[in-house]
Amino acid sequence: MKQSDEPISGKAIIFSAPSGAGKTTIVNHLLEKYDCFGFSISACTRPKRPNEIQGKDYYFLAQEEFQAKIKEDAFIEFEEVYQGSYYGTLKTEINRLWKQGKHVLFDVDVKGGLALKKYFQDNALAIFITVPSIETLEQRLIRRQTDSMESIQKRIAKYEVELGYQPEFDEVIVNKDLKEALEEVERVLLEFLDVESIPVSK
Ligand code: 5GP
């Protein structure tokens, strides 16, 4: 992991979870409800899904473009999250959001989350979102209809490994019921940001 030359200012709120645990829903909820958060748009090399938007969900890059960014030292962290699919957090994203006075929200895999926590140190809150069981995860991935059976199997295998990293996170939230999980997330955010309430977007 390479260090950015920029000084660290705002907060970094990191969401890591097995794919399908609902972290993207949680992150999107926070972004819609509160103006003070901005999303770190990652670069990635996997193909764009039909519902995704280039430059909003991800910066979808060709393998060569991603490799060029690694050489340029453009990433705070990057991982080959799935075989052949690279994902990385761009330094330019953090600077873009901090300049706007936002706290940065990250939706990254477990190893990436821990790398970011190490990088941002006390300015970071690392939240692990999990599911009550492997069966729940499998059902959610099937219902989502965005992945092939092969991809679902890969994601489940990864989940079993990711569970082992849970104790290294600041907070673990089990997403059994979305409403309750959102309430729990908001509670830990208030504590971390040391505020009594977060102003909602107009
Ligand atoms: P998906 O392909 O389902 O969008 O994402 C696969 C996994 O990659 C998710 O766990 C997601 O959080 C993670 N991911 C997305 N962006 C990054 C990133 O910049 N760095 C790392 N390490 N993981 C990421």
Side-chain angles (χ1 to χ4, degrees), residues 1-2 4 12-31 38-61 63 65-67 69-70 72-97 104-120 124-131 134 137-138 140-166 168-169 172-173 175 185:
M1 193 185 68
K2 301 274 169 37
S4 160
I13 298 155
I14 304 154
F15 288 89
S16 292
S19 182
K23 72 177 178 308
T24 305
T25 310
I26 291 172
V27 168
N28 287 341
H29 165 86
L30 293 173
L31 291 167
F39 182 58
S40 166
I41 303 164
S42 296
C44 86
T45 65
R46 77 148 164 75
K48 189 172 87 60
R49 295 175 186 145
N51 60 330
E52 290 177 323
I53 298 170
Q54 168 74 289
K56 179 171 180 281
D57 297 286
Y58 284 105
Y59 299 110
F60 294 97
L61 302 181
Q63 293 287 355
E65 291 174 308
F66 198 98
Q67 294 302 324
K69 293 239 175 267
I70 296 175
E72 285 164 24
D73 193 20
F75 293 112
I76 295 179
E77 63 76 40
F78 66 90
E79 295 284 335
E80 186 179 7
V81 175
Y82 300 105
Q83 208 185 358
S85 294
Y86 286 83
Y87 296 74
T89 304
L90 291 160
K91 291 175 183 173
T92 47
E93 280 298 288
I94 318 307
N95 298 331
R96 173 176 77 82
L97 294 163
V104 184
L105 299 190
F106 297 89
D107 174 340
V108 294
D109 86 326
V110 170
K111 278 198 198 152
L114 292 175
L116 290 172
K117 177 174 153 63
K118 195 167 163 205
Y119 181 83
F120 291 108
L125 177 71
I127 305 174
F128 189 98
I129 307 286
T130 187
V131 282
I134 285 198
L137 185 69
E138 191 171 18
R140 283 189 196 171
L141 288 171
I142 292 170
R143 219 179 310 134
R144 195 164 80 172
Q145 294 187 323
T146 53
D147 294 277
S148 63
M149 270 326 276
E150 190 196 343
S151 163
I152 290 175
Q153 289 318 316
K154 268 199 216 169
R155 283 164 197 264
I156 286 170
K158 190 170 159 60
Y159 167 68
E160 292 177 321
V161 177
E162 286 173 332
L163 274 187
Y165 291 99
Q166 221 173 259
E168 293 177 54
F169 281 76
V172 176
I173 295 176
N175 182 10
V185 166

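This is a predicted model, so every value here is computed, not measured. Because only heavy atoms are used, hydrogens play no part in the values below, and waters and symmetry mates are left out as well, while side chains stay in. Each ligand, and each atom within it, is numbered from 1 in the order the structure gives.
Looking at residues two or more places apart in sequence or on another chain, you find a side chain to side chain donor-acceptor pair (under 3.5 Å) between K117 and D170. Not counting sequence neighbours, D57 has no partner by the salt bridge (charged side-chain N to carboxylate O under 4.0 Å, His left out) test. Under the side chain to side chain donor-acceptor pair (under 3.5 Å) criterion, Y58 pairs with no residue at all, not counting sequence neighbours.
Close placement of the F106 and F120 rings is indicated, their centers lying within 6.0 Å of each other. You'll find the ring centres of F66 and F75 inside the 6.0 Å limit.
Protein residues with a heavy atom closer than 4.0 Å to ligand 1 are A17, S19, K23, S42, R46, R49, Y58, E77, E79, V81, Y82, Y87, G88, T89, D107, V108, D109, G112, R155, listed by chain and number.
Between the E93 side chain and the L90 main chain, no donor and acceptor come within less than 3.5 Å of each other.
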